[in-house]
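Notes for the one structure printed next.
Remember, predicted model here, so these are calculated numbers, not experimental data. In what follows, chains carry the letters A, B, and so on, assigned in the order in which the sequence lines appear, proteins first and then strands, with residues in each chain numbered from 1.
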Amino acid sequence: MLDQRLVRERPNLIAHELERRGIKLDLNSLQQIAQQQRDLEEQRSKLQSRGNLIGKEVGEKIRQGFDPKAPEIRELRDQGNQIKQEVALIEEKEKTISAVLKEKLLSLPNLPSPECPDGKDEKDNQEKYRWGAPRQEANLEEHWEIANRIKLFDTERTAKISQSRFVTLLGQGARLERALINFMLDLHTSKGYQEVFPPVLVNTASLKGSGQLPKFADESFRCIDDDLWLTPTAEVPLTSLHREEILAANKLPLKYVAYSPCFRREAGSYGKDTKGLIRLHQFNKVELYWFAHPEKSKEAHAQITNDAEAVLQALELPYRVIELCTGDLGFSASRTFDLEVWLPGAQAYREISSCSVCTDFQARRSSIRTKEGKTTRLIHTLNGSGLAIGRTMAALLENGQQQDGTVKLPEALVPYFGSDLLQPDFRY
RNA sequence: GGAGAGGUGGCUGAGUGGUUGAAAGCGGCUCCCUGCUAAGGAGUUACAGGAGGCAACUUCUGUCGAGGGUUCGAAUCCCUCCCUCUCCGCCA
């Protein structure tokens with residue numbers, strides 16, 4: 001959410017910054033609403049001030065021994081009632097207008113960072129650097145072909161269990177998924193991240209706090225009988241972990257790592273990535289999350305990206321780092337680095353992590369602050385996948401595939417998986 | 001699901017209609033003392049929004065789970081809802 005004061009006082013700045021994201025909107029009307037709301041508030045508080053004085057006077061008189069039914073007191077009471085009615089009138093207007101304002105503000109995305117390059121869509125994203133040597137041979141298999149052959153998962157049977165875009169991992173596939181989760185959690189906790197295992201059902205306030213609502217309701221699964229939704233990412237419960245809190249400045253940054261299943265409706269992506277592990281309604285992810293001091297968030301962003309990259313490096317997976325342009329930024333982000341892993345079978349780089357700094361956008365929605373001396377200020381939040389498990393598995397399969405049909409796994413996984421080789425399994 | 005208890009500042013916890021935005025303690029901050037550490041002393045310390053000032057700050061309003069109501073006046077009384085805890089039942 002954007003600062004209301006900014007809307008009132010510098011609407012042009014907001015209009016300009018949102019235009020960088022490709023959003024054109026009439027900020028004059030928004031500014032007027034904000035201004036009206038403030039004017040009403042001012043009117044009301046002046047009336048209330050008078051009302052309070054009258055109340056005090058009555059109390060004072062009664063204490064001095066006036067008869068509560070004396071005309072002086074009756075007069076004051078009448079005045080009090082008069083004011084009460086006027087206040088009620090203003091309050092009614094105020095309520096309507098601030099509901100409108102709030103709804104509008106909640107629907108505006110974050111302002112892009114000055115460092116975020118201008119651009120219209122993903123074509124304008126900038127590659128920053130590459131790591132590792134991508135395999136380029138011809139005739140390499142895509143990950144679902146490999147998985148099918150050695151029986152790591154079963155999508156056909158899964159349709160009986162739930163729907164398309166879900167997967168049932170089998171045998172080595174199930175074990176590898178588990179190994180990857182543990183491997184990543186261990187790697188991050190060894191670097192000072194605190195491990196969290198959050199609930200998967202979250203309430204509306206949590207989704208609002210991190211920016212998924214009100215705008216993207218159709219992207220999440222919801223429970224019809226309760227005020228609960230399935231988390232689209234652990235970013236949601238992690239943001240709300242400290243919702244409405246004032247965090248001690250000397251404890252910042254707070255760094256969390258959470259494994260969670262993630263649920264997304266993927267509305268509007270019919271026909272895209274229909275095979276394999278790339279785009280599923282349910283997938284596993286290890287998420288990194290920082291609550292940072294507002295002046296340290298730039299360094300934090302570099303660090304969280306680094307920490308996500310460390311997973312790819314440990315798994316010996318070639319990747320590149322992409323800086324998203326303004327037009328491709330997520331709703332809450334002010335600046336984002338995507339990590340794209342090389343998929344030799346597809347001969348393409350695919351997003352496997354997205355590391356964003358959300359400045360005070362989520363903190364304002366969630367009311368997460370810190371205190372320095374006498375002033376409280378909003379903290380900054382950052383998030384990054386570290387990493388998406390399914391896509392990591394896809395990358396491992398395609399990068400590790402060998403002539404004999406087996407898959408070689410990186411050494412780092414051996415303690416977790418128990419082997420460095422995936423072989424066909426005929427039991428399934 | 002049944003019965004009961006409760007939701008107050010960063011935390012613990014007083015407070016049942018009239019200067020109570022709220023005692024006390026803890027914690028935090030500032031200063032003093034101390035050779036160091038430990039301890040001690042003095043002061044200070046809710047949040048949000050508005051107005052004024054370059055600023056330190058001053059001032060107004062709101063906020064004691066949320067929303068209504070009673071009243072000139074509500075943390076305190078009434079209603080509705082939400083949440084937490086305890087016990088019982090059911091259950092992984």
(request) Would you indicate what Arg364(A) reaches in the nucleic acid, counting non-hydrogen atoms under 4.0 angstrom: base, sugar-phosphate, or nothing? (result) nothing
(request) Using a heavy-atom cut-off of under 4.0 Å over every strand shown, decide if Ile73(A) touches base, sugar-phosphate, or nothing. (result) nothing
Please determine if a side-chain N or O atom of [X] lies less than 4.0 Å away from the OP1 or OP2 oxygen of [N].
| X | N | value |
| --- | --- | --- |
| Arg5(A) | A51(B) | yes |
| Asn81(A) | G73(B) | no |
| Lys251(A) | G27(B) | no |
| Arg8(A) | G50(B) | yes |
| Arg369(A) | A48(B) | yes |
| Ser367(A) | A48(B) | no |
| Lys371(A) | C47(B) | yes |
| Lys84(A) | G73(B) | yes |
| Asn52(A) | U61(B) | yes |
| Ser49(A) | U61(B) | yes |

Tabulate below the donor-acceptor pairs under 3.5 Å that side-chain atoms of residues 410-420 of chain A make, not counting sequence neighbours, or state none.
from: Tyr416(A); atom 1: OH; to: Asp186(A); atom 2: OD2; distance (Å): 2.7
from: Ser419(A); atom 1: OG; to: Leu421(A); atom 2: N; distance (Å): 2.9
from: Ser419(A); atom 1: OG; to: Leu421(A); atom 2: O; distance (Å): 3.2

(message) If you count heavy atoms of other groups shown closer than 6.0 angstrom to CZ of Arg74(A), is the number above 12?
(response) no
(request) Take Ile54(A) and Arg44(A), find for each the nucleotide of RNA chain B with the closest heavy atom, and name the residue whose nucleotide sits nearer the 5' end. (result) Arg44(A)
(request) Assign each of Thr376(A) and Gly51(A) to its nearest nucleotide of RNA chain B by heavy atoms, then name whichever residue's nucleotide is nearer the 5' end. (result) Thr376(A)
(request) May I ask you to test the Lys255(A)-His188(A) pair for a side-chain heavy-atom distance under 4.5 Å? (result) no
(request) Measure from the side-chain heavy atoms of Lys95(A) and tell me the nearest of C72(B), C60(B), G68(B). (result) G68(B)
(request) For A74(B) and C64(B), measure between their P atoms and round to the nearest Å. (result) 11 Å
(message) If we count only N and O atoms by modelled type, under 3.5 Å, do the side chains of Ser332(A) and Asn110(A) hold a donor and an acceptor together?
(response) no
